[in-house]
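Here is the structure we will look at, set down as structure tokens.
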Amino acid sequence: MTIFQFPNDFKWGTATAAYQIEGAAREGGRGPSIWDTFSHTPGRVFNGDNGDVACDSYHRYEEDVELMKELGINTYRFSISWSRIIPDGDGEINQEGLDYYHRFVDKLLEAGIEPFCTLYHWDLPQALQDVGGWENRRSIDAFVKFSEVMYREFNGKIRYWLTFNEPWCIAFLSNVIGVHAPGKQDLQAGLDVAHNLLVAHGKSVSKFREIGVDGKIGIAPNVAWAVPYSKNEADQGAADRNIQVFSDWFLDPIYKGSYPQSLYSWFEQSGHVPPIHEGDMEAIAQPIDHIGINYYAMSVNRFNPDGGYLQMEEVDMGLVKTDIGWPVESRGLYEVIHYLQKYGNIDIYITENGACINDDIVNGKVNDVRRISYLQQHIAQVHRVIQDGINLKGYMAWSLMDNFEWAEGYRMRFGLVHVDYRSLKRTPKESFYWYQNVVKNGWMETRKE
């Protein structure tokens with residue numbers, strides 16, 4: 001038996017996102033977002049699913065906080081619905097939306113749970129998309145206004161902030177590959193979006209400092225770790241590009257004030273470059289306090305000239321996969337965190353990590369042993385990283401509960417809590433009780449069979 005002991009001040013939590021759990025899409029003064037539009041467009045989301053009701057957490061947040069208390073976590077990462085605060089993106093402020101989040105944050109604080117707030121988790125107000133979305137620099141100013149409202153309103157209540165969740169998804173998955181809202185397939189659009197959201201991030205951080213918010217702020221990229229299929233130079237280049245587009249493309253401008261040269265040149269060869277205006281790189285390169293790491297899987301890559309904008313493909317090496325098809329390899333988490341040390345020994349939080357395991361209720365229980373195995377492997381790597389002297393401060397499992405899984409609709413389940421989407425009944429899974437034990441003890445044990 002091996003015992004993994006964690007620091008006393010380590011933050012244990014779970015994570016969710018507004019559109020995936022809140023529901024109440026047309027209540028409380030909320031305006032439509034790009035995900036309302038996208039999910040109601042035929043053929044975009046599996047089974048025509050949408051987030052109109054989702055887990056109905058807007059109405060059931062007290063029940064959900066009670067579940068968090070039972071779980072024993074001391075931090076909870078959630079996101080704000082921008083269109084619930086400013087329905088048209090940059091116009092009138094909706095007090096009813098602010099009041100909802102005050103009630104929710106107050107309930108967290110009463111339960112002794114630290115709010116960890118993400119300002120933007122993909123749900124741009126549709127009114128801004130109608131005038132170009134993140135391709136239009138108007139969205140930069142609109143985001144800074146939205147973030148300023150939140151900073152002033154919740155200063156003293158929320159101490160941990162993230163500007164953007166998974167910028168690669170916002171830029172490339174949504175505007176180049178086209179799988180997520182708004183569903184474009186245009187490399188230049190993706191580069192425009194990536195750049196503008198980085199400027200919005202930097203200006204939002206500057207506003208945070210200007211106001212003097214009592215707290216810390218950062219960003220949460222979904223990082224990737226990739227290894228080449230062979231020692232062939234082309235395969236190595238494919239793996240390197242895969243790593244860089246997720247982390248370096250967004251973190252180099254923040255920490256170094258410039259884009260990674262090799263990837264910049266790669267895009268430039270195809271006639272596409274980010275739309276850099278005077279002063280942009282200085283605006284982006286504001287010091288931040290922490291980064292969130294969203295990590296799910298490691299990949300093996302090889303060069304393929306027909307393999308999309310990076311000319312690469314993933315090779316199936318026969319690893320165990322989760323039900324969404326992602327291979328389970330926890331070593332990638334360890335490797336990518338060490339890779340990020342090139343930016344300095346910065347404070348890091350694992351802001352998402354979890355497994356899609358679609359086990360259902362049998363005799364009143366969800367015996368999701370494969371999720372427990374996944375979590376155990378990855379939390380062991382978290383411990384290993386801390387032992388190496390890296391400032392890894394917390395771990396947040398994705399997700400608190402099953403929810404609307406974007407383009408996959410409701411067929412993919414990542415939750416520690418099972419949600420019956422007809423009755424909305426919550427049922428803690430066996431992974432919930434396993435994680436509860438880890439959180440309570442502050443340590444994890446593994447046994448060799």
Side-chain angles (χ1 to χ4, degrees), residues 15-41 44-45 47-68 76-111 115 117-130 133 142-143 145-147 149-150 152-154 157-158 165 180-182 399-407 409-410 415 417 419-426:
T16 61
Y19 189 74
Q20 292 181 273
I21 68 165
E22 282 183 3
R26 299 173 187 84
E27 294 182 49
R30 179 185 179 276
S33 79
I34 57 174
W35 268 96
D36 294 286
T37 303
F38 190 79
S39 64
H40 282 274
T41 302
R44 290 298 202 177
V45 174
N47 199 38
D49 293 341
N50 59 66
D52 289 2
V53 176
C55 305
D56 196 33
S57 198
Y58 182 83
H59 297 110
R60 297 167 181 256
Y61 70 91
E62 294 185 62
E63 178 184 353
D64 294 337
V65 174
E66 285 300 314
L67 280 167
M68 295 179 216
Y76 175 65
R77 180 184 172 225
F78 63 100
S79 78
I80 304 296
S81 169
W82 183 345
S83 57
R84 210 179 276 292
I85 305 302
I86 306 177
D88 66 357
D90 59 1
E92 293 295 314
I93 296 167
N94 175 35
Q95 187 61 44
E96 200 171 347
L98 288 172
D99 290 345
Y100 163 70
Y101 286 110
H102 272 294
R103 291 193 300 272
F104 173 64
V105 169
D106 288 346
K107 190 60 66 174
L108 286 176
L109 293 171
E110 286 170 19
C117 179
T118 307
L119 287 167
Y120 186 84
H121 199 128
W122 306 354
D123 46 357
L124 185 73
Q126 182 61 41
L128 291 176
Q129 185 63 41
D130 290 342
F143 179 77
K145 174 183 175 178
F146 161 57
S147 60
V149 169
M150 295 302 299
R152 293 189 184 279
E153 193 75 23
F154 290 90
K157 282 188 178 182
I158 298 175
N165 176 76
H180 283 182
S399 177
L400 173 65
M401 61 185 129
D402 297 333
N403 54 51
F404 177 77
E405 190 48 49
W406 307 112
Y410 292 102
V417 175
V419 177
D420 181 319
Y421 294 117
R422 291 185 178 85
S423 68
L424 298 174
K425 180 182 178 183
R426 279 88 157 124

Next on the checklist: Ignoring hydrogens, what is the shortest heavy-atom contact between Gly133 and Leu124? Give both atom names and the distance.
Outcome noted: CA-CD2, 3.7 Å

Next on the checklist: Donor-acceptor check, side chain of Trp82 to backbone of Asp123, threshold 3.5 angstrom: yes or no?
Outcome noted: no

Checklist entry - Short question: side chain of Ser33, backbone of Pro125 - any donor-acceptor pair under 3.5 Å? => result no

Checklist outcome for this item: When every non-hydrogen atom of Ser81 is compared with those of Ala18, the smallest separation belongs to N-CB, 3.8 Å

Item to check | Shortest non-hydrogen separation from Gly91 to Ile86 and the atoms involved | outcome: N-CG2, 3.3 Å

Item to check | Main-chain N/O of Arg84 paired with Asn94 side-chain donor or acceptor, under 3.5 Å | outcome: yes

Item to check | Tyr58/Arg30 under side chain to side chain contact (heavy atoms under 4.5 Å, CB included): CA gap, chis, key distance, verdict | outcome: CA-CA 12 Å; Tyr58 182 83; Arg30 179 185 179 276; over 6 Å; no

Next on the checklist: Using 30° and 60° as the class boundaries, would you call the ring planes of Phe404 and Trp406 parallel, tilted or perpendicular?
Outcome noted: perpendicular

Checklist entry - Angle class for the Tyr120/Phe143 ring planes (parallel below 30°, perpendicular above 60°, tilted otherwise)? => result perpendicular

Checklist entry - Would a distance-only check, ignoring hydrogens and angles, find a side-chain to backbone donor-acceptor pair under 3.5 Å from Lys145 to Asp90? => result yes

Checklist entry - Looking only at side chains, do Asp64 and Ser57 share a donor and an acceptor under 3.5 Å apart? => result yes

Next on the checklist: To check you understand the geometry: which heavy-atom pair defines the closest contact between Gly29 and Pro87, and what is its length?
Outcome noted: O-CG, 3.2 Å

Next on the checklist: Which heavy atom of Ser83 sits nearest to which heavy atom of Pro32, and what is that distance?
Outcome noted: CB-O, 4.0 Å

Checklist outcome for this item: Rounded to the nearest 0.5 Å, the OH atom of Tyr61 sits from the CG atom of Asp56 at a distance of 12.5 Å

Checklist entry - Rounded to the nearest 0.5 Å, how far does OG1 of Thr37 lie from CG of Asp130? => result 7.5 Å

Item to check | Considering all heavy atoms, the nearest Ser39-Gly51 contact | outcome: OG-N, 4.3 Å

Checklist entry - Between Thr16 and Tyr76, do the side chains contain an N or O donor and an N or O acceptor separated by less than 3.5 Å? => result yes

Checklist outcome for this item: Rounding to 0.5 Å, atoms CD (Glu22) and CZ (Arg60) come to a distance of 14.5 Å

Checklist entry - Are any non-hydrogen side-chain atoms of Met150 and Leu98 less than 4.5 angstrom apart? => result yes

Checklist entry - Side-chain contact, heavy-atom cut-off 4.5 Å: Tyr410 with Asn47? => result no

Next on the checklist: Tell me whether Arg426 contacts the main-chain N or O of Cys55 through its side chain, where contact means a donor paired with an acceptor under 3.5 Å.
Outcome noted: yes

Checklist entry - Is there a side chain to side chain contact (heavy atoms under 4.5 Å, CB included) between Asn165 and Arg77 once you walk through the steps? => result CA-CA 11 Å; Asn165 176 76; Arg77 180 184 172 225; 2.6 Å; yes

Checklist entry - Is the backbone N or O of Ala17 less than 3.5 Å from a side-chain atom of Ser79, with the two atoms forming a donor-acceptor pair by type? => result no

Next on the checklist: Run Ile21 and Leu400 through side chain to side chain contact (heavy atoms under 4.5 Å, CB included) and show every step you take.
Outcome noted: CA-CA 10 Å; Ile21 68 165; Leu400 173 65; over 6 Å; no

Next on the checklist: A quick test of your reading: do over 12 heavy atoms of other residues, nucleotides or ligands sit less than 6.0 Å from CD of Gln95?
Outcome noted: yes

Checklist entry - Is there side-chain contact between Leu108 and Val65, with at least one heavy-atom pair below 4.5 Å? => result yes

Next on the checklist: Tell me whether the rings of Tyr19 and Trp35 are parallel (<30°), tilted (30 to 60°) or perpendicular (>60°).
Outcome noted: tilted

Item to check | Interatomic distance, Ile158 atom CD1 to His102 atom NE2 [nearest 0.5 angstrom] | outcome: 8.5 Å

Checklist entry - Backbone N or O of Gly415 within a donor-acceptor pair of the Asp402 side chain at under 3.5 Å? => result yes

Next on the checklist: Working to the nearest 0.5 angstrom, can you tell me the gap between Leu67 CG and Met401 CE?
Outcome noted: 7.5 Å

Next on the checklist: Could you tell me if the side chain of Asn50 sits less than 4.5 Å from the side chain of Asp36, heavy atoms only?
Outcome noted: no

Checklist entry - When you look at Asp49 and Glu405, which way does the side chain to side chain contact (heavy atoms under 4.5 Å, CB included) test go after all the steps? => result CA-CA 10 Å; Asp49 293 341; Glu405 190 48 49; over 6 Å; no

Item to check | CZ-CD distance between Phe78 and Gln20, expressed to the nearest 0.5 angstrom | outcome: 15.0 Å

